[in-house]
Protein chains: 2
Amino acid sequence: MNQDGVDLETSLGYLLKEASSVLRAAMEEVLRPLGMSVTHYSCLELLAQRPGLSNSELARGAFVTRQSMNVLLQTLEREGYVTRPAEAPVGKVLPTRLTPRGRRSLEKATVAVRSVEVRMLAGLTETEQSGAFRILRSMIHSLRDGNDGA
Amino acid sequence: MNQDGVDLETSLGYLLKEASSVLRAAMEEVLRPLGMSVTHYSCLELLAQRPGLSNSELARGAFVTRQSMNVLLQTLEREGYVTRPAEAPVGKVLPTRLTPRGRRSLEKATVAVRSVEVRMLAGLTETEQSGAFRILRSMIHSLRDGNDGA
DNA sequence: CAACCTATGTCAGAATCCTGACATGAATCA
DNA sequence: TGATTCATGTCAGGATTCTGACATAGGTTG
């Protein structure tokens, strides 16, 4: 049961993974009563903020493959949360939009998720939060830069 | 191809997920030539720093279930990277240890992973890094506190 | 204009991981 | 001491996700 003293805890990468893991668990916990998974919620949130997103764009935004997002979209469409045109208005892209039902479902989820984020940020000053924001963006940028160009 | 302007990017939770996702992808990229997955590497690194860890403890440290860690350990044991006693010296816990081969394998992986972490931290001052460390620990603590007690 | 390259949506298969459940050993407590 | 509670290792099953592959549409370049 020794959990202290692990030198891995001096690694920012490990800490990042741990934070992300805990955040995901917390989100799943509050989303489960609503019958929603994290990817499910992410998809709806993305569509609310950027209506007409394609399957591939949604996949990138939710950090899953387009194949996984596709099966999710088919379920969401079948259950009436989103709509996709039967035929692509241009090219092969099928722009997806929230239905009123999807919007209602998202509202409750947003409240739940926001409460988790508030809890996560408790104890941090505004300055610290903006600092964290800037640092995370820097990490993402630095990692992406040398991703395939190395 | 619009990727800017997403309001989700003002969310620290989303940014945390994005950073973790990019970090994982970067680690997988450098680990793949070594025939190693991230969980695989995490397991070895944990064992190097805390020899004798049990399957359940390794699972918690690598953020997977003990069932998943168990199948990984069976593979690692079969391939000679780790050793577990045939019988538990005390209770049911089987303390796991790295073999010389496992240690050698880990060394190369550690170099690769460390290069990713260095790249991630490029452009951040020492002060910013320790700030990020403190902020992430605060987030984890805040989320864990109200995890099941709410 | 034609060939090439990229991106998208989709299908099929495999791999991975998790949920549920069981028996066993240790610790706690009456 | 005996019962209870908790944690561990393990097995079986199912669900989710990913990898690989294909055809098609659009833009690019010669």
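The figures here come from the full heavy-atom set of this structure, side chains too, leaving out hydrogens, waters and symmetry mates. Below, read A as the first sequence line, B as the second, and so on, with proteins coming before strands; counting in each chain starts at 1.
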Next on the checklist: Salt bridge check, B:Glu28 against B:Arg24: does any charged N sit closer than 4.0 Å to a carboxylate O?
Outcome noted: yes
Item to check | Value in whole Å for how far the C1' atom of D:dC18 lies from CG of A:Asn55 | outcome: 15 Å
Item to check | A:Phe63 or A:Val90, whichever maps to the more 5' nucleotide of DNA chain D | outcome: A:Phe63
Item to check | Distance in angstrom units between B:Gln67 CD and D:dG14 P, rounded | outcome: 16 Å
Checklist entry - What is the distance from CG of B:Leu72 to P of C:dC18, rounded to the nearest Å? => result 12 Å
Item to check | Between C:dT8 (P) and A:Lys92 (NZ): distance, integer Å | outcome: 11 Å
Checklist outcome for this item: A:Ser68 has its side chain closest, among D:dT8, C:dC18, D:dC18, to D:dC18
Next on the checklist: Using a heavy-atom cut-off of 4.0 Å across all strands, would you classify B:Ser54 as base, sugar-phosphate, or nothing?
Outcome noted: sugar-phosphate
Checklist entry - In whole angstrom, what separates A:Arg84's CZ from C:dT10's C1'? => result 10 Å
Item to check | Length of the line joining A:Arg66:CZ and D:dT17:C1', which is rounded to integer Å | outcome: 14 Å
Checklist entry - Roughly how far, to the nearest 0.5 Å, is NZ of A:Lys108 from CG of A:Leu31? => result 11.5 Å
Checklist entry - Can you check the A:Gln74 CD to D:dT16 P distance for me, whole Å? => result 14 Å
Checklist entry - Distance check: side-chain N/O of B:Asn70 vs OP1/OP2 of D:dT10, anything under 4.0 Å? => result yes
Checklist outcome for this item: Atom CZ of A:Arg32 and atom P of D:dT16 are separated, to the nearest Å, by 13 Å
Next on the checklist: Please determine whether a side-chain nitrogen or oxygen atom of A:Thr65 lies at a distance below 4.0 Å from atom OP1 or OP2 of D:dT19.
Outcome noted: no
Item to check | Salt bridge present between B:Arg134 and A:Glu128 (N-O < 4.0 angstrom) | outcome: yes
Checklist entry - Is there a side-chain contact between A:Thr39 and A:Phe63 (heavy atoms, below 4.5 Å)? => result no
